[in-house]
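Notes follow the structure.
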Amino acid sequence: MKQIYLDNNATTPIHAEVFDEMLPYLKEQFGNPSSVHWAGRAVRGAVEHAREQVAQAINASPAEIVFTACGSEGDNYAIKGTVDALKKKGNHIITTKVEHPGVLEVCTYLEKTGCEVTYLDVDENGMIDLAELEAAITEKTVLISIMWANNETGTLSPIREIGEIAKKHKIRFHSDAVQALGKVPVDVQDGNVDMLVLSGHKIGAPKGVGAIYVRRGTKLTPFMHGGHQERHRRAGTHNVAGIVAMGKACELAVQDLDTKAETLKKLRDKLEAGIVAAVPETLVNGHPTERLPNTLNISFAYIEGESLLLNLDMKNIAASSGSACTSGSLEPSHVLGAMGVPVELAHSSTRFSLGPETTDEDIDFVLQELPPIVQRLRDMSPIYPGQDVKTQCCTGNCCPVE
Ligand SMILES: *Cc1c(COP(=O)(O)O)cnc(C)c1O
């Protein structure tokens, strides 16, 4: 049976061209890029080429790119590094309730060390309120950290407007753009972003490499000490093969972006419309228009998301409940919770995230297999009222049909 992978927001397969590009650096090109001899020189050029590729993908300069081991590292570095570098100015961070744990848990940790954190609410579509953001700013605010695109729902933040507010108040703006690159345009100048975080394995590079953009002149205290690599901003011998892959993946991610995004959106919309038409009492979570083109997060009233995932897996369909980092826990998603989705519906939510390899046949197969699975699970569900009670899900909650 064919394997269908609709969990690209958790990780992506390595792109064939990326794999070819990195392979020599796992074999004959073994040098340490910090070495002065021939072996080092050969790979140093490759690392610097990758830096240019990353910079170009987000409209930055190569000197503003620091390679990291992952997206979570970039988020940690941006936030902890800022708090330490600006401790004379203040100790207040503004973020949102729907961030990735790589941001949220850094903030809760920093609260224990004396920082103050404002967690902005979001509306039923997962959107923050810009007036609330501006009102939260105090004399002590050192950082605004708001993600470019949400990994669970795909909701896109109003980055340009947030950047303008940050600039007006001379506050640093960090954005986790791990889910955004390759799906929507990401431009650090246009967004007025001071620090931007990327991860390789979400864009067709292998796991274990990432990058952070740090705007020129932005002082950040490094949290990896020990070597002079990355201009003292990140100690540790370069993951050369990973970095080469990261560079290539960034180059490919922004190539023909509009066309690729359009294709993803068509398939995603077909999946969404097909499910909503075939399965009653569903709720699509996320913004109707301001959303990643590849992401569909949908609640199926009366069933457990985890049971649905297991049943889909038996058909070789890989999807996810919320984020990979929280699946396996029985906690309902903090993202859906912040959006006001009732707990039962949050428990029933399932995320389908499409990728460049998703085909029309994949979507047809899901549309054929999923509705009977949902019906079977509902028939077994003690809370399923069957035909008696008709409810209709609308944005944010379920309401009875007249
Ligand atoms: C996956 C993800 C991360 C973490 O990236 P890793 O490279 O896995 O550490 C951070 N933020 C978002 C939005 C993500 O989707």
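Excluded from the calculations below are hydrogen atoms, water molecules and symmetry mates; all remaining heavy atoms, backbone and side chain alike, are included. In each ligand, atom 1 is the first atom listed, and ligand 1 is the first ligand listed.
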Per the side-chain contact (heavy atoms from CB on, under 4.5 Å) rule, which among Asn297, Asn150, Asn125, Leu296 passes with Arg291?
Leu296
Kindly identify the option in Asn76, Val103, Asp176 whose heavy atom sits closest to atom 13 (C) of ligand 1.
Asp176
Ligand-side contact atoms (ligand 1) for residue partner His201, heavy atom cut-off under 4.0 Å:
6 (P), 7 (O), 8 (O)
If you count the atoms of ligand 1 from 1 in the order shown, which ones are under 4.0 Å from a heavy atom of Cys70?
6 (P), 7 (O), 9 (O)
Could you tell me if the side chain of Phe365 sits less than 4.5 Å from the side chain of Asp360, heavy atoms only?
no
Identify which of Gly102, Gly71, Ala177 has a heavy atom lying nearest to atom 5 (O) of ligand 1.
Gly71
Does Phe19 have Lys248 sitting over its ring (NZ/CZ under 6.0 Å from centre, angle to axis within 45°)?
no
Do the non-hydrogen side-chain atoms of Leu271 and Leu354 ever get within less than 4.5 Å of each other?
yes
For Gln179, atoms of ligand 1 separated by under 4.0 Å from a heavy atom:
13 (C), 14 (C), 15 (O)
Could you say whether the N/O atoms of Asn151 and ligand 1 ever approach to under 3.5 Å?
no
Main-chain N/O of Ser145 paired with Thr95 side-chain donor or acceptor, under 3.5 Å:
yes
Within the structure, does Asn9 bring an N/O atom to less than 3.5 angstrom of an N/O atom in ligand 1?
no
